[in-house]
Amino acid sequence: MQTSSTILMVRPANFGFNQETAGNNFYQQQDGRSSEEIKALAQQEFDSFVALLKDQGVKVLVIEDTEKPIKTDAVFPNNWFSTHPDGKLILYPMYSPNRRLERRKDLIEQLMGLGFKVDEIIDLSFFEQDGQFLEGTGSMVMDHHSKMIYACYSERTHCVPLDYLAKILGYQVIAFEAQQEIGGKMSPIYHTNVMMHIGSDLAVVCLESIIKASDRRKVQETLTSAGKKVIPITAKQKFNFAGNMLEVGNDGGEKFTVMSQTAYDSLNVGQIQLIEKYTTIISPQIPTIEKLGGGSARCMIAEIFLEHRG
């Protein structure tokens, strides 16, 4: 199963620029607007995004962020937990101390209260003590159908927790180094889901960011042999969040590729036509969240693969 029919999103209470994460997330940009204005705009963008999804019949669980403690990045829940069809819920080790506050026991309890079957909670946050991190489906792009995990190493994605998780899930890891040019210098791409997306039939990848030719070839060949049509994107498109997509579904069996308007506008006609051959595109306008948070549409969605006791 590749596509979740239920997704979870966290409505931000105190969205803003996170100084702690800006060191290696080069997509974040400071802003002169007041924190109240920024917060109001982020909530507006969030609500419009949810409305677009619901219009297409996508089931969205909206969980309210708590006012205290302040969590500027709570709108990106995909980094701290993931769910799996066998009832596993996994908690991840986070790079930024202030983002660790996002791991909420009450949110898991809310999920269970709504009838989702959680059989086992696996908490990997102990890796933080050793400075080892793996930020959920930001650090990893999973092909659930082929049981593969794609990941680029960075300060937020380390091989020990990655291999540990792969063993738990019984998945195979395809790991590589990917870089981007920032201010004339090459720097690691901090999250894999910035440069890569895998859907049921398609994979969108910034192949040119993968340093070694052998790794590039391996990624391409593995995706192709898994039956994916590979759409390469450029580094410039990646900077416009074109790698940050997610496929979601509705109860009618329709598939949608979710990407921001910024990402959509960066694609060429051929790329859009290819995506639309397999799915319908949903493209919310989230410029404030993208600019200050340095994350886009995919980062705002946690997929719920758990069985429902409906």
Side-chain angles (χ1 to χ4, degrees), residues 20-21 23-27 73 76-84 86 88-97 99-100 102-103 120-180 182 185-198 203 205-223 225-226 228 238 243-244 294-295 298-299 302-303:
E20 274 189 19
T21 55
N24 54 31
N25 178 349
F26 302 104
Y27 295 78
D73 288 319
F76 304 130
N78 79 307
N79 298 135
W80 69 264
F81 83 102
S82 68
T83 65
H84 303 267
D86 61 0
K88 286 187 181 74
L89 187 147
I90 297 165
L91 301 173
Y92 291 98
M94 306 281 283
Y95 164 80
S96 164
R99 288 210 64 192
R100 295 168 196 170
E102 293 170 36
R103 288 191 297 253
E120 188 182 6
I121 296 173
I122 299 167
D123 188 350
L124 305 182
S125 63
F126 66 87
F127 279 109
E128 289 165 359
Q129 299 159 22
D130 299 319
Q132 296 273 312
F133 312 112
L134 184 69
E135 297 193 329
T137 53
S139 287
M140 302 171 288
V141 175
M142 298 188 193
D143 180 354
H144 297 294
H145 189 70
S146 303
K147 300 202 165 184
M148 307 291 288
I149 294 172
Y150 295 82
C152 59
Y153 292 130
S154 73
E155 285 178 82
R156 305 203 198 179
T157 306
H158 292 111
C159 64
V160 176
L162 178 61
D163 292 342
Y164 186 90
L165 175 78
K167 280 195 180 73
I168 288 169
L169 295 178
Y171 280 31
Q172 190 186 332
V173 174
I174 304 283
F176 49 90
E177 285 180 36
Q179 292 193 339
Q180 56 195 358
I182 310 286
K185 280 202 322 220
M186 297 309 284
S187 303
I189 291 177
Y190 79 108
H191 273 165
T192 313
N193 77 1
V194 163
M195 51 78 68
M196 185 174 193
H197 152 68
I198 301 172
V205 197
C206 182
L207 289 165
E208 66 183 64
S209 69
I210 301 173
I211 301 164
K212 287 184 186 165
S214 56
D215 285 343
R216 258 197 312 276
R217 210 164 37 246
K218 190 174 185 185
V219 167
Q220 199 159 8
E221 283 169 4
T222 311
L223 288 167
S225 63
K228 311 295 177 197
K238 172 189 60 60
N244 199 245
R298 193 276 167 266
C299 306
E303 299 156 280

Item checked: NE2 on His84 to CG on Leu169, rounded to 0.5 Å -> 5.0 Å

Next item on the list: Report yes if the side chains of Leu165 and Met140 come closer than 4.5 Å at any heavy-atom pair, otherwise no.
Entry: yes

Next item on the list: Tell me, please, which residues at least two apart from Asp163 pass side-chain hydrogen bond (donor to acceptor under 3.5 Å, both in side chains).
Entry: none

Check: Does the Asn244 side chain pair with the main chain of Asn193, one donor and one acceptor, at a distance under 3.5 Å?
Finding: yes

Next item on the list: Please lay out, stage by stage, how Glu128 and Met94 fare under the test side chain to side chain contact (heavy atoms under 4.5 Å, CB included).
Entry: CA-CA 7 Å; Glu128 289 165 359; Met94 306 281 283; 3.9 Å; yes

Margin query: Taking Gln132's backbone N and O only, do any of them form a donor-acceptor pair with Asp130's side chain (distance below 3.5 Å, no angle check)?
Written below: no

Notebook entry, point to check: Can you tell me if Thr192 uses its side chain to pair, donor with acceptor, with the backbone of Cys152 under 3.5 Å?
Noted result: yes

Check: Regarding Tyr92 and Ser82, is there a side-chain donor-to-acceptor distance under 3.5 Å anywhere?
Finding: yes

Next item on the list: Please name the residue in the list Met186, Gln180, Gln179 that meets the side chain to side chain contact (heavy atoms under 4.5 Å, CB included) test with Ile182.
Entry: Gln180

Note to self: Closer than 3.5 angstrom, by distance alone: can the side chain of Ser209 be matched with the main-chain N or O of Cys206 as a donor-acceptor pair?
What the structure shows: yes

Note to self: Against Leu134, only a single residue in Ile90, Asn79, Thr157 fulfils side chain to side chain contact (heavy atoms under 4.5 Å, CB included); can you say which?
What the structure shows: Thr157

Next item on the list: Identify, with sequence neighbours excluded, every residue that meets side-chain contact (heavy atoms from CB on, under 4.5 Å) alongside Ser225.
Entry: none

Note to self: Determine whether a donor-acceptor pair (N or O, by modelled atom type, separation under 3.5 Å) exists between the side chain of Ser139 and the backbone of Arg156.
What the structure shows: yes

Item checked: Phe133: partners by ring pair (Phe, Tyr, Trp, His ring centres under 6.0 Å), with sequence neighbours left out -> Tyr95, His158

